[in-house]
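Please read the structure below before turning to the comments.
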Number of protein chains: 2
Amino acid sequence: MDKVATPAEAAPEVDLGVLNDVIGFRIRRIQNHLSRQFLERITDTQLRPGGFSALALIAANPGLDQTTLARAIGFDKATVVALLDGLESLGWAERRRQTEDRRRHALFITAEGETALARLSRIAQENEAAAHATLTEAEQAELYRLLDKIYAACFSEPEL
Amino acid sequence: MDKVATPAEAAPEVDLGVLNDVIGFRIRRIQNHLSRQFLERITDTQLRPGGFSALALIAANPGLDQTTLARAIGFDKATVVALLDGLESLGWAERRRQTEDRRRHALFITAEGETALARLSRIAQENEAAAHATLTEAEQAELYRLLDKIYAACFSEPEL
DNA sequence: TATTGTTATACTCTATAACTATA
DNA sequence: TATAGTTATAGAGTATAACAATA
């Protein structure tokens, strides 16, 4: 027994100091916790981080190519190759060579993939149940709006 | 040239599908981007991820012990050891054996550490400039409130 | 000449487990 | 017997660079 403590046990009031105004800090704390717990819940699957996201995006965007997928989840294209190898060996997704541009792979989810995705979605929801429960619907909508606004802003901002 | 694309270049509208309602996904995208960019901005320092957070928390909570620090930043206590070794070798923080409980180390920031922290804070602000600029003060306050609410919720929720 | 996807590789990050010293 | 911190280690995760096929 020596795992990373959940925030629950953290309790002791720690002053955030200058981190009070650092968005990245607040976000990372939550992200760390959520992703760690999510991965624990799906240890039975051979899924790596990003696997769920990749599967979900393929499902929602049939024919997606690998480069676009890589950008959407913020990974390197080489990392996506390994991710897809995993999804294919599970029989959850497949690559089809595009005829118009034979360099490209069009990605599709399989029937088994759909089943797996449904289960993973359910687990993701359970994983975030506490977070969802603590927000009203309006608050949740507002949170999404603000996060999307920030994401988009990382955008237009060329590099600076 | 083959680095991970910034969201700016991502543009192509990708449907989020079931990820639409997964907080972790939205958060991760932003976090990935912010942390990657932050680390690029401080390559001159020998700072590892979490180093800035650790220094800031030590500054704001003089005498903090390592276990509490580990919990606050969501790291394992063993990871914190390495983090502190780094901060000490830079001369930015120091460990002092507590007299009441000689097992514990009380952590303190040094004068050089304060200088470094000021610079790092400035860089962090620059790094998030686009994000801050896109939000009104009210929106920013609301975002912090919602994120803190979620973080606290990961709490009370024992384990489920 | 540029782009998609691939391979191979090396490196960074983090947790685990076993240890010590104190309590 | 439990806790704070340490060490050593192994494993996961990710990017980098060089390459093949196609455009």
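Lettering of chains follows the sequences in order, A, B, ..., and the numbering in each one begins at 1.
- An OP1 or OP2 oxygen of dT3(C) is reached within less than 4.0 angstrom by no side-chain nitrogen or oxygen of Q66(A).
- Regarding E40(A), its CD atom lies at a distance of 15 Å from the P atom of dA12(D), rounded to whole Å.
- Considering Q140(B), E137(B), E126(B) as possible partners of H132(B), the one that fulfils the side-chain hydrogen bond (donor to acceptor under 3.5 Å, both in side chains) test is Q140(B).
- In this entry the distance linking CZ of R71(A) with P of dG5(C) reads 11 Å, nearest Å.
- One finds no side-chain N or O of R36(A) lying less than 4.0 angstrom from the OP1 or OP2 phosphate oxygen of dT14(C).
- For the pair E88(B) CD and dT6(D) C1', the computed distance is 13 Å after rounding to whole Å.
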If you restrict it to nitrogen or oxygen atoms, what contacts under 3.5 Å exist between nucleotides 19-23 of chain C and the protein, and what is each distance?
from	atom 1	to	atom 2	distance (Å)
dA23(C)	OP1	R102(B)	N	2.8

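- The nucleotide whose nearest atom lies closest to any side-chain atom of F75(A) is, among dT14(C), dA15(D), dT4(C), dA15(D).
- Here the shortest heavy-atom pairing between D44(B) and R41(B) reads OD1-O, 3.9 Å.
- Residues R28(B) and S53(A) have side chains that bring a donor and an acceptor to within less than 3.5 angstrom of each other.
- The listed nucleotides are dA15(C), dT6(C), dT4(C); the one nearest the side chain of T67(A) is dT4(C).
- For the residue pair T68(B)/D65(B), the side-chain donor-acceptor check at 3.5 Å is satisfied.
- In this structure, D85(B) pairs ionically with R95(B), as a charged nitrogen and a carboxylate oxygen lie closer than 4.0 Å.
- Among the protein residues, T79(B) comes within range of the nucleic acid bases, having at least one heavy atom under 4.0 Å from a base atom.
- Just one residue in the list L147(A), L143(A), I150(A) forms a side chain to side chain contact (heavy atoms under 4.5 Å, CB included) with R26(B), and that residue is L147(A).
- Taking atom CG of L69(B) as the reference point, atom P of dA4(D) lies 13 Å away to the nearest angstrom.
- If you measure from atom CG of D65(A) to atom P of dA23(D), you get 14 Å, rounded to the nearest angstrom.
- When rounded to the nearest whole Å, the span between CG of D76(B) and P of dA4(D) equals 13 Å.
- When all heavy atoms of L39(A) and P49(A) are compared, the pair lying nearest together is CD1-CG, 4.0 Å.
- If you take CG of L64(B) and C1' of dA4(D), they are 13 Å apart, rounded to a whole angstrom.
- Among the candidates Q31(B), Q37(B), R36(B), the single residue satisfying the side-chain hydrogen bond (donor to acceptor under 3.5 Å, both in side chains) test with H33(B) is Q37(B).
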Sub-3.5 Å pairs of nitrogen or oxygen atoms, protein against nucleotides 7-11 of chain C:
none

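- At whole-Å resolution of the value, CD in Q46(A) and C1' in dG13(D) are 16 Å apart.
- Between L39(A) and R104(B), it is R104(B) whose nearest contact on DNA chain D lies nearer the 5' terminus.
- Residue R95(B) is classed as a sugar-phosphate contact, given heavy-atom separations below 4.0 Å to backbone atoms only.
- One finds the CH2 atom of W92(B) at 9.0 Å from the CG atom of L117(B) (value rounded to the nearest 0.5 Å).
- Put simply, the residue from L83(A), I109(A), L84(A), L107(A) that forms a side chain to side chain contact (heavy atoms under 4.5 Å, CB included) with L55(A) is I109(A).
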